[in-house]
Amino acid sequence: MKTFDHLNVIGLREWVNLPELGIVGLRAKIDTGASTSSLHASDIQPFERDGERWVRFTAYIGTQVQRRHRCEARLVALKTIKSSNGQAQTRYVIRTSLMLGDLLWPVEFTLASRKTMRYRMLLGSKALIDGHLVVNPALSYVQDKPVLPDPTGAQ
């Protein structure tokens with residue numbers, strides 16, 4: 001039997017932060033069948049800043065009590081995604097840092113309406129590869145809830 005000692009184990013669901021967007025405590029569903037990760041967003045507005053393309057959008061945090069959070073991120077691309085029901089949709093793609101446990105790495109997200117879905121974020125296979133992660137689908141919330149460093153340096 002081969003082992004994967006150099007990989008970190010995560011469960012089917014994990015707590016994550018998106019510190020560059022100011023999003024803390026978001027539950028993510030791990031989706032190895034999806035290549036790209038997806039973040040629930042609405043009110044998406046493209047704009048230009050210093051000659052670069054950006055998007056402004058509203059992200060949603062929480063499942064029981066929805067908190068809206070206004071975000072801005074540089075636009076990486078427009079991508080046509082075929083959803084699980086077979087419909088093609090063009091989505092905005094951003095890249096931002098994702099914190100899972102004590103790991104932090106850049107991840108590309110498509111912005112999409114996930115208002116009818118239980119999880120506001122899907123973490124796809126590209127993010128899992130880049131984060132050197134392996135999934136045990138029998139487990140959930142394996143990693144500790146990520147904590148943002150205190151900006152004052154206090155411990």
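Both backbone and side-chain heavy atoms feed into the values below; hydrogens, waters and symmetry mates do not.
Hydrophobic clustering of Ile, Leu, Val, Met, Phe, Trp and Tyr side chains at less than 4.5 Å, counting indirect connections, unites Leu103 with Val135. Under a hydrophobic-cluster definition in which Ile, Leu, Val, Met, Phe, Trp and Tyr are linked whenever side-chain heavy atoms come within less than 4.5 Å, directly or via other members, Leu75 and Ile44 are assigned to the same cluster. By the rule that hydrophobic residues join a cluster once side-chain heavy atoms approach within less than 4.5 Å of another member, Leu111 and Leu78 end up as members of one cluster.
In this structure, CG in Leu139 is found 12.0 Å from CD1 in Ile30, a value given to the nearest 0.5 Å. Atom CE of Met99 is separated from atom NZ of Lys145 by 14.0 Å, given to the nearest 0.5 angstrom.
More than 12 heavy atoms of other residues, nucleotides or ligands sit less than 6.0 Å from atom CG of Asp130.
Asn17 contributes a side-chain N or O that, together with a main-chain N or O of Pro146, makes up a donor-acceptor pair within less than 3.5 Å. Judged by distance alone, the side chain of Ser37 and the main-chain N or O of Gly124 form a donor-acceptor pair under 3.5 Å. Distance alone, capped at 3.5 Å, is enough to place a donor-acceptor pair between the Trp105 side chain and the Ala127 backbone. Listed for the Asn136 side chain is a donor-acceptor partner under 3.5 Å among the backbone atoms of Ala138. Proximity of a side-chain donor or acceptor of Asp31 to a complementary backbone N or O of Gly33 within less than 3.5 Å is detected.
Minimum heavy-atom separation, Tyr60 to Ser42: OH-OG, 2.6 Å. Here the shortest heavy-atom pairing between Pro19 and Leu104 reads CG-CD1, 3.9 Å. Considering every non-hydrogen atom in both Val55 and Pro46, the closest pair reads CG1-CA, 4.1 Å.
Inter-residue side-chain proximity for Phe109 and Leu18 is flagged as met; some heavy-atom pair is nearer than 4.5 Å. In this structure, Glu108 and Ile94 have side chains that are not in contact, with every pair of non-hydrogen atoms separated by 4.5 Å or more. Within the 4.5 Å cutoff, the side chain of Arg74 has no heavy atoms near those of the Arg53 side chain. Taking 4.5 Å as the limit, some side-chain heavy atom of His69 sits within range of a side-chain heavy atom of Cys71. At least one side-chain heavy atom of Phe57 sits less than 4.5 Å from a side-chain heavy atom of Leu39. Looking at Met121 and Leu98, their side chains come closer than 4.5 Å, going by heavy atoms from C-beta outward. A 4.5 Å side-chain heavy-atom check between Lys29 and Leu123 finds every atom pair outside the cut-off. At a threshold of 4.5 Å between non-hydrogen side-chain atoms, the residues Leu26 and Arg120 count as touching.
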Problem - side-chain contact (heavy atoms from CB on, under 4.5 Å) assessment of Ser38 paired with Arg91 - result: CA-CA 10 Å; Ser38 182; Arg91 296 182 186 172; 3.8 Å; yes
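Geometric assessment of Arg56 against the ring of Phe47 yields a positive cation-pi assignment under the 6.0 Å and 45° thresholds.
A donor-acceptor contact closer than 3.5 angstrom links the side chains of Thr36 and Lys79. Remark: the Arg68 side chain and the Thr58 side chain contain no N/O donor-acceptor pair separated by less than 3.5 Å.
Look at Glu72 and Arg49 and you find a salt bridge, because one of the NZ, NE, NH1 or NH2 atoms lies within 4.0 Å of a carboxylate O, short of that distance.
With Gln143 as the fixed residue, the side chain to side chain contact (heavy atoms under 4.5 Å, CB included) test singles out one of Val16, Ile10, Leu133: Ile10. Checked against Leu128 for a side chain to side chain contact (heavy atoms under 4.5 Å, CB included), the options Thr32, Asn8, Val134 give a single hit: Thr32.
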